[in-house]
Every structure is written in C-alpha cells, then in structure tokens.
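Note that the numbering runs from 1 along the sequence shown for the chain.
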Amino acid sequence: SEAEIAAARAAYDALTAEQQALVNNYAVLTQAEEKLAQMQADKAAAQAAELLIDAIGTVTLDSEAEIAAARAAYDALTPAQQKLVSNLGTLLAAETELAQLQAEAQNPEDPAKTGDERDAWLFAWLTLLALGAGLAVWTAKRRLGRNEP
C-alpha cells in the first residue's frame with residue numbers, strides 16, 4: 001500500500017488550505033502513514049536479525065559469540081517482528097549443533113552415539129523386523145495354498 005499512501009499524501013498536499021479543510025477523512029491517511037512506518041521499522045528490525053543469523057555460517061566451537069549475538073537480536077524483537085524473521089530455523093539448528101559440539105568436547109572419552117549411528121541401528125532393526133514379517137506372511141500363504149483342494 002506504500003504507493004497508494006504516497007499518492008494520497010501527494011494529492012492531499014496539492015490541495016489548497018481551503019480544499020484540505022473540506023477533506024473529512026484526513027485521519028485515515030495519517031493512520032495509514034503511521035502503520036506503514038511501523039511496518040517498515042518492523043521489517044528493518046527483522047532483517048537486521050536475519051543478517052546476524054546468516055552470519056553464523058558453519059557452526060564450530062568458535063561460533064558461540066555469533067550465535068549468542070543472533071539470539072540476542074532475535075529475542076530483542078517484538079512478537080510481530082519475530083514473525084517476520086524467515087531464518088529462525090537456521091538459528092535453532094546452530095544452537096543445537098553448538099550444544100552438541102560443546103557436549104562432545106567435554107566428554108571426548110565417552111562419546112555418545114551420533115544421530116547417524118542411532119539411525120543405522122534403527123534402520124537395521126526395522127529391516128530385520130520387516131523381513132521377518134514378510135517371511136511369516138509368505139509361509140502362511142504357502143501353507144494355505146497346499147491345504148486347498
């Protein structure tokens with residue numbers, strides 16, 4: 001609506017003082033201008049937080065300051081501004097990854113299984129379970145097939 005608001009402002013400003021006095025909905029224009037200014041400020045604040053989130057890059061143990069700065073910038077936003085941040089998922093993933101790296105650095109002799117290792121075990125277990133179920137169904141069908149005349 002920025003173009004429409006600017007056009008309405010230009011049209012109003014082009015009127016003489018006597019003509020402006022006849023405009024009975026001038027408050028609508030000023031309210032629209034105020035709302036547009038607030039929306040632009042919200043967008044600018046959200047973009048500033050997005051830039052800090054994008055600046056995190058590849059997460060390492062040295063990324064703590066960048067992640068903290070991005071989190072602080074996001075937390076300082078109003079709820080309306082936070083809704084405009086499009087890369088919050090990147091910040092959340094970076095925080096999770098940093099926490100994992102820090103935990104691994106604190107316990108190097110007792111490393112927890114990584115997500116990939118757990119996934120591999122789960123996949124192997126589910127594969128064996130599915131093969132067993134398939135074998136049971138195949139065996140049951142063969143037995144039924146033999147008993148029919």
Side-chain angles (χ1 to χ4, degrees), residues 1-138 140-141:
S1 301
E2 185 175 1
E4 291 86 2
I5 293 170
R9 169 52 69 192
Y12 179 82
D13 289 346
L15 299 174
T16 65
E18 294 82 25
Q19 292 170 328
Q20 288 177 352
L22 297 174
V23 175
N24 59 6
N25 61 351
Y26 178 71
V28 173
L29 174 59
T30 58
Q31 289 171 356
E33 290 172 328
E34 289 170 9
K35 176 137 177 122
L36 177 62
Q38 181 60 51
M39 291 171 64
Q40 289 171 333
D42 288 348
K43 184 177 178 182
Q47 287 175 336
E50 286 177 335
L51 288 174
L52 288 172
I53 293 170
D54 286 340
I56 294 170
T58 302
V59 177
T60 66
L61 287 172
D62 296 329
S63 301
E64 188 170 3
E66 290 86 2
I67 293 171
R71 170 50 73 183
Y74 178 80
D75 288 346
L77 298 175
T78 66
Q81 293 167 340
Q82 288 178 348
K83 289 179 184 178
L84 298 174
V85 174
S86 63
N87 59 354
L88 176 60
T90 301
L91 174 59
L92 297 174
E95 289 172 330
T96 301
E97 190 170 348
L98 178 63
Q100 184 177 3
L101 289 172
Q102 289 172 334
E104 289 171 1
Q106 289 178 348
N107 299 317
E109 296 169 10
D110 185 25
K113 286 190 174 183
T114 65
D116 291 340
E117 290 171 336
R118 284 190 302 265
D119 291 347
W121 280 106
L122 179 62
F123 178 74
W125 176 248
L126 291 175
T127 301
L128 288 173
L129 186 63
L131 287 173
L135 181 60
V137 169
W138 179 76
K141 284 185 176 184

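- Atom CD in E2 sits 10.0 Å away from atom CE in M39 (nearest 0.5 Å).
- In this structure, E64 places its CD atom where only 12 or fewer heavy-atom neighbours from other residues, nucleotides or ligands lie under 6.0 Å away.
- Formation of a donor-acceptor pair under 3.5 Å by the E104 side chain with backbone atoms of L101 is not found in this model.
- Judged purely by atom type and a 3.5 angstrom limit, S1 has no side-chain atom pairing as donor or acceptor with the backbone of E4.
- Between the E50 side chain and the S86 main chain, a donor and an acceptor come within less than 3.5 Å of each other.
- For A45, the side-chain contact (heavy atoms from CB on, under 4.5 Å) partners at least two apart in sequence or on another chain are L77, Q81.
- Q20 places a side-chain N or O within donor-acceptor distance of the main-chain N or O of Y12, the cut-off being under 3.5 Å.
- Here the shortest heavy-atom pairing between L52 and A69 reads CD1-O, 4.0 Å.
- We find the OG1-CD1 distance between T90 and I56 to be 7.5 Å, quoted to the nearest 0.5 Å.
- One finds the CG atom of L22 at 9.0 Å from the CG atom of L15 (value rounded to the nearest 0.5 Å).
- When all heavy atoms of T30 and A27 are compared, the pair lying nearest together is OG1-O, 3.0 Å.
- The NZ atom of K43 sits 14.5 Å away from the CD atom of Q38 when rounded to the nearest 0.5 Å.
- The distance from atom CZ of R9 to atom CD1 of I5, rounded to the nearest 0.5 Å, is 10.5 Å.
- Distance CG/L92 to CD/E97: 13.0 Å, rounded to 0.5 Å.
- With sequence neighbours left out, A68 forms a side-chain contact (heavy atoms from CB on, under 4.5 Å) with no residue at all.
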